[in-house]
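Read through the structure below, which is laid out as structure tokens, and then see the notes.
Just so we're on the same page: letters track the sequence lines, and every chain starts at 1.
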2 protein chains.
Amino acid sequence: MGAALDAEGPDGTQARGEQLHGIGAVAAQTGVSERTLRYYEEIGLLSPRDHSPGGMRRYCRDDIDRVLRIRELQNLMGFNLEEIRRVTAAESRLSSLREDFRASSDSGRQREVLDEALRALDELRDAAQAKIAALQGFLADLDERFERHRRRLEGLQDLDDAKEET
Amino acid sequence: MGAALDAEGPDGTQARGEQLHGIGAVAAQTGVSERTLRYYEEIGLLSPRDHSPGGMRRYCRDDIDRVLRIRELQNLMGFNLEEIRRVTAAESRLSSLREDFRASSDSGRQREVLDEALRALDELRDAAQAKIAALQGFLADLDERFERHRRRLEGLQDLDDAKEET
DNA sequence: CAATAGTCTGACGTTGACGTAAACCAGAGA
DNA sequence: TCTCTGGTTTACGTCAACGTCAGACTATTG
């Protein structure tokens, strides 16, 4: 039989024979460089699901999604990688709340952790809302000024047209 | 008589006795460092209205506004200083379209320039709109996931409560 | 089993956007 | 005139987020 590439227990979280990808494929699919992926791992931002016996990185689908999310947080929210680390950590904690939560020896402590994760994501939501509001103000101002200039340019246009037909 | 700090001609564009500010005052008012202001000048992004005979920078109100706009474009749009230079240059070109436009020897060429400036600002508007749309999608997704997790946590809460009162 | 393509770990380089320190000027008040 | 506060240039330092090698190792394929 083939080697067991999926080392996970039978918890149903991941499809058993999940497809794993090399770093090159992930780079191609996400548009980030291989160097960047290694860098993300280096700073503890994103580690591949597992490694081949030879030591090569094997990424799963979730890892790819996470890369895309990192880029989203960079581009849309303007976060640096440290901030992104905090956010994605909170998200991961929430995603992993399942049966293993029940198995916890101290469920009070666990809920505390999850509460904090929820608070973190709430902050993120607030930040996103604030940014949207600011951008809408920015856009309104832009539209207004744009219109003003357009009208003024039109006036000059008319003036020139009149001049032309003497 | 006092020295003529305002070297501008009588064109009405600026109030005659306009207040000029030292670099320290501008830094305090805008929240950017003096180093940053000098850096902006160094890369041709923002030059003070004029200099004192001794070589000291004298900023006017418009300069301050421009500093604030630069920060806005950095924070909201995530532009780098080169992109900001292009945008603010286009804005300046539009702002300076006044009587001196009439005086141009080649008004066709001038309108060409202004048209391009308008196009540049139009692109900025599009970018802002796109960013808002993306952020709204991001936020909607966030809200949805947040709700899902909150409900799940609530379920666990109830389960624990029931356990407690045996 | 050799060739080829893909990946690994260092380690140093780069770029943007400033920070910081040194040593020298400018302008207002006592 | 002296002095103090604020400003100037020059130049090197820094930090995040990677880029770019070199040289060895791994995996796949004919």
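When atom types are taken as modelled, the side chain of B/Glu83 and the backbone of B/Asn80 share a donor-acceptor pair closer than 3.5 angstrom.
Evaluation of the salt bridge (Lys or Arg N to Asp or Glu O under 4.0 Å) rule for B/Glu72 yields B/Arg69 as partners, not counting sequence neighbours.
In this structure, B/His21 atom NE2 and D/dG6 atom P are separated by 17 Å, rounded to whole Å. The separation between A/Arg58 atom CZ and C/dC8 atom C1' is 12 Å, rounded to whole Å. We find that CG of B/Asp50 is positioned 12 Å from P of D/dT8, with the value rounded to whole Å. Protein atom OH of A/Tyr59 is 16 Å distant from nucleotide atom P of C/dG6, rounded to whole Å.
Note that CG of B/Leu73 is 5.0 Å distant from CD1 of B/Ile84, once rounded to the nearest 0.5 Å.
Nearest-nucleotide assignment on DNA chain C puts the 5′-proximal partner with B/Phe79, out of B/Phe79 and B/Gly54. Position along DNA chain D of the nearest nucleotide to B/Arg57 versus A/Glu34 favours B/Arg57 as the more 5'-ward residue.
If you check residues 35-47 of chain B against DNA chain C, the residues with a heavy atom closer than 4.0 Å are B/Arg35, B/Thr36, B/Tyr39, B/Tyr40, listed by number.
Using a 4.0 Å cut-off between charged side-chain N and carboxylate O, A/Arg125 and A/Asp122 make a salt bridge. The existence of a salt bridge linking B/Asp65 and B/Arg61 is confirmed by a sub-4.0 Å separation between a basic side-chain nitrogen and an acidic carboxylate oxygen. Here B/Glu34 pairs with B/Arg38 in a salt bridge; the nearest charged N to carboxylate O distance falls below 4.0 Å.
Among A/Arg35, A/Arg49, A/Arg66, A/Arg57, the single residue meeting the salt bridge (charged side-chain N to carboxylate O under 4.0 Å, His left out) criterion with A/Glu41 is A/Arg57.
Of the candidate nucleotides D/dA17, C/dA26, D/dT26, C/dA26 has the atom lying nearest to any side-chain atom of B/Met56. Comparing C/dG16, C/dT7, D/dT9 against the side chain of B/Asn80 picks out C/dG16 as the nearest. Proximity note for A/Ser33 (side chain, C-beta onward) versus D/dT9, C/dG19, D/dC18: the nearest is D/dC18.
Residue contacts for B/Gln74: at a heavy-atom cut-off of 4.0 Å it reaches the sugar-phosphate backbone alone, with no base atom in range. Residue-level contact check: A/Glu82 touches neither bases nor backbone, having no heavy atom under 4.0 Å from any strand.
Of the side-chain N and O atoms in B/Arg71, one or more sit less than 4.0 angstrom from OP1 or OP2 of C/dC18. Contact check, B/Ser52 against C/dG27: a side-chain N or O comes under 4.0 Å of OP1 or OP2.
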